[in-house]
Peer 1: 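Mind looking over this structure? Questions follow.
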Amino acid sequence: MPTTDSTTSHDILFPALPYSVHQRAGHAVRDVQLQQFIERATVTKDDGRKLVLEQTFGDRADELRTLAGRIKQHALDNLDHYLEQFIDRATQAGTQVHFAKDDRQANAIAMEIARSIDAKLCVKSKSMVTEETHLLPALEGIGCETIETDLGEFILQLDGDAPSHIVTPMIHKDRAAVARAFERELGAAYTEDPKELTQIARDYLRDKYRRADLGISGGNFLVAETGGVVICTNEGNGRFCTSAPRVHIAFVGIEKIVPRQEDLGVLLKLLARSATAQPLTCYTHIMTGPRRAAEPDGPEQMHVILVDNGRAEVLREETREMLRCIRCGACLNACPVYRKVGGHSYGSVYSGPIGAILTPALKGLGNYPDLADASSLCGACYEACPVKIDIPKHLIRTRQAMVNAGHTKPADRLFMRLWARSLRYGWSYWFGGWFQRKLFRMKAKKTLPTGTGPYADRGWLSKAPGPVAGWTSQRDLPTPTSKSFRHWWDHEHAPSIPSKAAEDE
Amino acid sequence: MRIALFVTCLNDTFYPRTGIAVVKVLEKLGCEVEFPKAQTCCGQPMWNNGFTPEARVLARKMITVFEEAQYVVTPSGSCAAMVREHYEQAFEHDAVWRDRARRLAAKTYEFVEFLDRVLKVDLTELGVRWEGKAAYHYSCHLRALGIKADDPQRIMRQVEGLDVMPLDKQEQCCGFGGTFAMKYPDISGAMVNDKVSCIQAADCDAVISNDAGCTMNIAGACRRAGEAKRFITLAEVIAEGMGLMDKGE
Amino acid sequence: MSEIETDTRDALLARVRASLSRKAGDELTEPVPEVDDRLARLADHDDDLIAMFEQRAQEVGMQVYRCTAEQAPLRIAGAVAMLGVRKAVVDREIAQGLIDIDAVLTQSGVALIDWSGVGSDQGFGPQYDADLGVTGVAAALAETGTLVIHSRPSSSRGLSLVPHNHLAVVRASEILPDMLDYWQSLAGISGKDLPSSQVFITGPSKTADIEGVLIQGVHGPGQVVIVLIENA
C-alpha cells in the first residue's frame, strides 16, 4: 500500500529557509542524464509552441496574446466583482463555495468534508495549489488514503519524489526509476517499457476510481458568469476524479477567475498550444455544480475551495500582473536557466521564470534571496508567455525590492556602489579603465602577444581575482587591449569628408 | 546626418575595433560621426541588479551627454535596450527626466538596426565583399528592441562571399547576463558551454556576435575549450568588406 | 466536528478590495475586453466544416468514418469489427434515434451492458467491464476536431471515459465552426441550467510523462472512432 513519503518530497519543495539555489543548481548542471532529459523536454516543446502558434495564427499571434493578457488583467483589476459573481452563480448551480485564507485552512476544510462523508479513499488529479498547501499528509492523517492519479504525479508519490515542471512533472526521472518504484510499491513485475508501465498504473488506478469516496482536482479557470470550474487534462484521470466519486472538491487559487465563457475562447486556444503545441488538451472538463436530479451520475456534492494563501497580497498593483499566469509552462520551456538547472533547483512549488517572481512574492523576499537574481534577463520568458507577463520587469523589481529591504550582501552593495561611482565622472572612468588595463595585462603577460591580426595585443586570463573569480572558473577572460577606442579617436581618427565632398575635389 | 556614437564601456576597453569599424562604416555611408567625450556607461549593471538610484545617476549623465544628438548609435543591443526600454521606467516618478528619457529613446539605435531601419542599406549594392563561413549569435537583448534573429541575418546575406551558416539553438541565451556570469558561475558556465557545443557543431570558421558581453563570454569559453573560431562583429565584416579596414589590423 | 478557523466571503473580499484600492459597489475599471473574432476565430460558416472537422479529428489521432444516415449502421458495424469489441455501454438517446444503435451492436455480436446503476453508489461500476462506450454529441467543433459531450439523463459521464474504446456518432448539423460559436450558443443560460458536466474531447487519452514517450489510452479511451453522418 503506497503512502505519501512526505519527508523527501516535502524537503524538495519546502527546503529550509532562506533557500539558496547554488547547491542544487550545481548538482543539476553536472548531472548528464538530467541535462539530456530536460533538454529534450523543453527545447522540443518550445520549438513546437513557436511553430504551432505561427501556423495557426500567423501574424495575429502577438495581438491574440495581448488580448489574452488584457482579459486576465481585467479580471484581476476587478477581482472583487468577479469573485462575488462567481460565488453567487456557483452557489446557485449547487456548488458549495469555501474560503481558505491560507494553507492550513484549505486543508482543514478538505479534512472536514472528508470526515463528513467518512471518506476512506480519495483520488486526486493534478493541482499545484494542493502542493502549496501540502494536502496529502493532512488527509492521510485522518485516515483517508489519497492517491495521485496523474501518471507523473502517481509515480512521484510512490517514489517520495516531487514535481519538477509545472506541466510535465517528471521530466527528471528515467524509466528504470519508475520500474523500481512499481516493483517496490505495487509488487509489479519489473519492466522498463513505458507502455507496460502505463498499463500497470492504469489497472491499479481504475480500481481506486471504482472505490473512491472523494475526488479532488485543481482548476485551470473559474468562470464568473456561470460559476463553472474548468480543468484541462490529457490523460482522463481528471475526469475520473471529478465524476466517479460521490463528492468532488476543487482547490483553486482566487486568481484563476475569468469573466465569461467566451473568454475561454481566447485562453483555451493559447493554453495547450503554449504548453505542448497541442490545439487543445485531450479533455477540457467544465463543471457547473453537482449532478442534476435527472442525471444518472456525477458527484452528489461539488465543493470549491477558494484559496488565498498570499494571493490577495500579490494582487497589489506592483505585483498584480504575475497573477495572470495560466500555468502553461511555456516560460519554463523557453528559459535557458531552467534548461540547465531543472525545476527542483527552485526549491518551491512554482519553478522556472514564473516561479522566480511568484515564490518570493508569496513566501517572502528574504526567504528566496537569489531566485530572481539567478537570471540573465534574456527575455525568452516574456516572449513565450501567452498572457504577456513582463517577467524580466518583475525580476528587476524583485531585485530592487531586495536591495531596498536590505537583503543584499554588504560586499555586493559596496562593490556595486563603487563601480557606479567610478562610472560617474570622466576622470574616474578613465582611471578605472587605466587600472584594469594595467592590472589585467600585467597578470596576463605570459599570454602576450598572441600572434598577429586584430586583437593580437590582447592577453587572456584563466584565473582572475576577487569578484571576477566566478568568471574565470568557467571561461577565460580577455584583457583590455593596449589602446582603448578613445585613444584611437583622439590620436588616429581622421574624420573622412562625406563622399559627396570628395567628388568636388 | 549627424550621429553621436555611444561606444559603450565594454567596447571602449575590450573591443575598440568594433567602435572603429562603426565609425568608418557610418562615415563611408555619408554620416557625420561625433564622439561625445563625457560618455561612460548606460547604467545597465546597476539597473539590472536593483540599484535604481545609482542607475538613475548614470542615466541622467547619459541623457545629458546625448540630448543634443540627431541620432545616437551604439554597437550594443543591451545598451540600446537599456536606453529605449528602461530609462523611462527608471524615472517612473520624475516627469521631467522621464520626458527627457523618452526623447533620447526615440533617437537611439543599435548599429545593425540603424543600418537596416534608418539608413536602409543594401550591402549588395554597396559591393561589400567578405569571404567566409560565419554563424550568427543572436544577442538576447535584441528581443527588447523588437529585432528577431532573421533581421541581422538578412543583412549578412547581402554580403558577397559570406556564407551564413545555421546555428543550433541560435536564440538561446549564452549565459553572459552581466554580473550573472560572475555570481552564478555554475549556471552561466553550463549555458555558455551549451553555446560552445552548438558553435563546434556548426559548419563555420567565424562567429558573428555583435554584443561585447556575449563575445567576451563565448570567446572566453571557446578558448577554454580549445576551440579556435574567429569572433567578429558585423560592423567589422562590413568595414573589412568595404576596404575601410584591413583584415589583419 | 472540529474547531477550524475559516475565512469568510466578506473577509476575503475585504482583503482583495484593499489590494485593489476598490470599494464594494465600485464600477468596473473598464468594460470587459471584447473577444475579437478577427484575432481568435479559426473557422467560420464559409469553411467546409465537414472536411475541416474530419481532418482536424484525424490530426489528433481519432478515426473518422464519413457516411450517410442510410450507410451509418454498416459503418458502425465495420468500426465495431475493426475494434474487436465484445461488450458495450450505450447512451440511450443517440442522434435522436436516427439509428437503432442497440440493434446494430447486437447484430454485430456485441453484448449491451446495462450501466444504469441504483444511485451513484454504483458509480461507473458496470462500465469497467465494457470495452466500448457509444455516445452522441451535444456539438462538434470543426476548428479542432473536438467532440462536445454533455451530461444528461439518457447518458452517463463514464461512457466516453471508462471503456478503452469510444465510438461517437456525429451528425453534420451538430458541427459548429469554432469554439466561439459554441460559447455563443450558451449565451444567456445561467449556470444552474447548464449541464453539470461539459467535456471537450480532442483526441484519445494520452501521456508522455515517462521519458517523453507518447502513450495512448492512459485512463481514458485509447481509441476514439467518429461516425460522421453527412446528411443529418
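What you see is a predicted model, and the numbers here were worked out from it, not measured in a lab. Naming: A, B, ... by sequence-line order, numbering from 1 per chain.
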Peer 1: Heavy-atom distances under 4.5 Å only: say whether Asn237(A) touches chain C with side chain, backbone, both or neither.
Peer 2: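 Contact with chain C is through both the backbone and side chain of Asn237(A).
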Peer 1: Find the one option among Thr146(C), Val148(C), Leu12(C) whose heavy-atom pairs under 4.5 Å with chain A are most numerous.
Peer 2: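 That would be Leu12(C).
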Peer 1: Among Gly220(C), Ser19(C), Ser197(C), who wins on heavy-atom pairs under 4.5 Å with chain A?
Peer 2: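 Most heavy-atom pairs within the cutoff with chain A belong to Ser19(C).
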Peer 1: Please look at Val199(C) and chain A and tell me whether the side chain, the backbone, both or neither of the residue comes under 4.5 angstrom of a heavy atom of that chain.
Peer 2: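 Looking at Val199(C), backbone and side chain both touch chain A.
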Peer 1: Let me see the working for Glu63(A) and Asp36(C) under side-chain contact (heavy atoms from CB on, under 4.5 Å), right down to the final yes or no.
Peer 2: CA-CA 10 Å; Glu63(A) 272 186 87; Asp36(C) 190 346; 5.6 Å; no
Peer 1: Where does Glu84(A) contact chain C at under 4.5 Å (heavy atoms): side chain, backbone, both or neither?
Peer 2: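 Glu84(A) touches chain C through backbone and side-chain heavy atoms alike.
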Peer 1: Given the options Arg239(A), Gln278(A), Arg70(A), His81(A), which has more heavy-atom pairs under 4.5 Å with chain C than any of the others?
Peer 2: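 Of the candidates given, the most pairs with chain C belong to Arg239(A).
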Peer 1: Is chain A contacted by the side chain of Leu186(C), its backbone, both, or neither, given a heavy-atom distance below 4.5 Å?
Peer 2: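 Contact with chain A: backbone and side chain both.
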Peer 1: Is there a donor-acceptor contact under 3.5 Å linking the side chains of Ser190(C) and Gln92(A)?
Peer 2: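 Their side chains do not contain a donor-acceptor pair, so the 3.5 Å distance test is not met.
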Peer 1: Between Ser196(C) and Glu295(A), is there a side-chain heavy-atom distance shorter than 4.5 Å?
Peer 2: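 A side-chain contact exists here, since the closest heavy-atom pair is under 4.5 Å.
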Peer 1: For Lys195(A), is it the side chain, the backbone, both, or neither that has a heavy atom closer than 4.5 Å to a heavy atom of chain C?
Peer 2: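 For Lys195(A), heavy atoms of backbone and side chain both lie under 4.5 Å from chain C.
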Peer 1: Go through the atoms of Tyr283(A) and report whether side chain, backbone, both or neither lie under 4.5 Å from a heavy atom of chain C.
Peer 2: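 Both the backbone and the side chain of Tyr283(A) come within 4.5 Å of chain C.
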Peer 1: For the backbone of Leu205(A) and the side chain of His219(C), can you confirm whether one donor and one acceptor N or O come within less than 3.5 Å of each other?
Peer 2: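 No; zero donor-acceptor contacts below 3.5 Å.
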Peer 1: Heavy-atom distances under 4.5 Å only: say whether Ile215(C) touches chain A with side chain, backbone, both or neither.
Peer 2: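 The side chain, not the backbone.
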Peer 1: Measure distances from Ala41(A) to the heavy atoms of chain C and classify the residue's part below 4.5 Å as side chain, backbone, both or neither.
Peer 2: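 Contact with chain C: none, neither part.
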Peer 1: Given a strict heavy-atom distance threshold of 4.5 Å, which part of Phe37(A) is in contact with chain C: side chain, backbone, both, or neither?
Peer 2: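 Contact with chain C is through the side chain of Phe37(A) alone.
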Peer 1: Please classify the contact between Leu76(A) and chain C as side chain, backbone, both or neither, with a heavy-atom cut-off of under 4.5 Å.
Peer 2: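 Contact with chain C is through the backbone of Leu76(A) alone.
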Peer 1: For each of Asp26(C), Val60(C), Thr144(C), Leu161(C), tally heavy-atom pairs with chain A at distances under 4.5 Å, and name the one with the top tally.
Peer 2: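 It is Leu161(C).
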Peer 1: Shorter than 4.5 Å, heavy atoms on both sides: which option in Pro153(C), Ala14(C), Ala187(C), Gly212(C) has the most such pairs with chain A?
Peer 2: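 Between Pro153(C), Ala14(C), Ala187(C), Gly212(C), the count favours Pro153(C).
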Peer 1: Does any heavy atom of chain C fall under 4.5 Å from the side chain of Thr281(A), the backbone, both, or neither of them?
Peer 2: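 Looking at Thr281(A), just its backbone touches chain C.
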Peer 1: Please determine, among Thr202(C), Leu39(C), Asp178(C), Val213(C), the option with the most heavy-atom pairs under 4.5 Å with chain A.
Peer 2: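 Ranked by heavy-atom pairs under 4.5 Å with chain A, first place is Leu39(C).
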Peer 1: If you count heavy-atom pairs under 4.5 Å with chain A, which of Leu147(C), Asp193(C), Leu13(C), Ile149(C) comes out on top?
Peer 2: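 Of Leu147(C), Asp193(C), Leu13(C), Ile149(C), Leu13(C) has the most heavy-atom pairs under 4.5 Å with chain A.
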Peer 1: Is there a donor-acceptor contact under 3.5 Å from the side chain of Asn78(A) to the main chain of Thr29(C)?
Peer 2: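 The answer is yes, because a donor-acceptor pair under 3.5 Å joins these two groups.
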Peer 1: Is chain C contacted by the side chain of Tyr209(A), its backbone, both, or neither, given a heavy-atom distance below 4.5 Å?
Peer 2: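 Both backbone and side chain.
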Peer 1: Please round to the nearest 0.5 Å and tell me the distance separating atom CG of Leu79(A) and atom CZ of Arg17(C).
Peer 2: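 It is 10.0 Å, given to the nearest 0.5 Å.
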Peer 1: Would you confirm whether Arg157(C), through its side chain, and Pro296(A), through its main-chain N or O, come within 3.5 Å as a donor-acceptor pair?
Peer 2: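 A pair under 3.5 Å: no.
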Peer 1: Closest heavy-atom contact between Lys269(A) and Leu42(C)?
Peer 2: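 That would be NZ-N, 3.8 Å.
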